[in-house]
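These notes concern the structure reproduced below.
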Amino acid sequence: MPRKHVNDAGTNKRDLPQKTCVSCGKPFAWRRKWARDWDQVKFCSDRCRSAGEVRPGGPAAPGS
């Protein structure tokens, strides 16, 4: 169970908006650091961002 501030009810992670990473295809949830530009966020991590838009279904096939 995640810790919460004593005076704060907090927000459950399942209540946050989600997107699907365009590189790996996995779902990821909103993060506070993305608050200003959530509409432009396409990747779940720096690793996926450096790989780029591979394909909608998941990671690229080896050798392509």
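Residue numbers start at 1 and run along the sequence shown.
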*asked:* Please find the pair of heavy atoms, one from K19 and one from Q40, that lie closest to each other, and give the distance.
replied: NZ-N, 4.4 Å
_Looking at every heavy atom in both Q18 and P27, which two are closest together, and how far apart are they?_
OE1-CB, 4.2 Å
*For residues C21 and C44, report the shortest heavy-atom separation together with the two atoms involved.*
SG-N, 3.5 Å
*How close do F43 and S23 get, heavy atom to heavy atom, and via which atoms?*
CD2-CB, 3.9 Å
*Over all atoms of both residues, closest heavy-atom pair of F28 and T20*: CE2-C, 3.8 Å
*SG on C48 to NZ on K26, rounded to 0.5 Å*: 8.0 Å
*Using a 4.5 Å cut-off on heavy atoms from C-beta on, say whether the side chain of R31 contacts that of W38.*
no
